[in-house]
Amino acid sequence: MAEGAGRNSKKDFCNFLGIANGSAYELQTQLVISNKLNLLKDDLLNDLLKQIEELQKMNYAFQKMLLN
């Protein structure tokens, strides 16, 4: 996101926001795998997933705002 903010157009910035959102989905997957391997407790997993989901929503809303 920081790199995208330094670009010259909203379209470029939105592209980097999309990449950041994809990375958030990757992180979700890694956390679920960690939980299934008993490396991460259920309560911590659920808290982290809620936070990631909130960030994804904010990111998506920011993208929509930039494109309008």
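Counting only heavy atoms from C-beta outward, the side chains of F13 and Q63 never approach each other to under 4.5 Å.
One distance of note links CD of E54 with CG of L49; it measures 13.5 Å at 0.5 Å rounding. Summarising the geometry, atom CD belonging to Q30 is positioned 11.5 Å from atom CD belonging to Q28; distances are rounded to the nearest 0.5 Å. If you take CG on L48 and OG on S34, they are separated by 10.0 Å, rounding to the nearest 0.5 Å. With rounding to the nearest 0.5 Å, the separation of NZ in K10 from CG in L67 is 8.5 Å. Taken from NZ in K41 to CG in D47, the straight-line distance is 12.5 Å, to the nearest 0.5 Å. Here K64 contributes atom NZ and C14 contributes atom SG; the two are 12.0 Å apart, rounded to the nearest 0.5 Å.
By the criterion of side-chain heavy atoms lying less than 4.5 angstrom apart, applied directly or through intervening Ile, Leu, Val, Met, Phe, Trp or Tyr residues, L45 is grouped together with L27 in one hydrophobic cluster. Cluster membership for L31 and L44, using ILVMFWY side-chain heavy atoms within less than 4.5 angstrom, is shared.
Remark: the backbone N or O of L17 is paired with a side-chain donor or acceptor of N59 at under 3.5 angstrom. Using a distance-only test at 3.5 Å, with no hydrogens or angles considered, a donor-acceptor pair links the side chain of N35 to the main chain of L40. Checking side-chain atoms of N46 against main-chain N and O of D42 turns up a donor-acceptor pair under 3.5 Å.
A salt bridge is defined here as a Lys NZ or Arg NE, NH1 or NH2 lying under 4.0 Å from an Asp or Glu carboxylate O, and K57 with E53 meets this definition.
When all heavy atoms are compared, the tightest approach of A24 to I52 is O-CG2, 3.8 Å.
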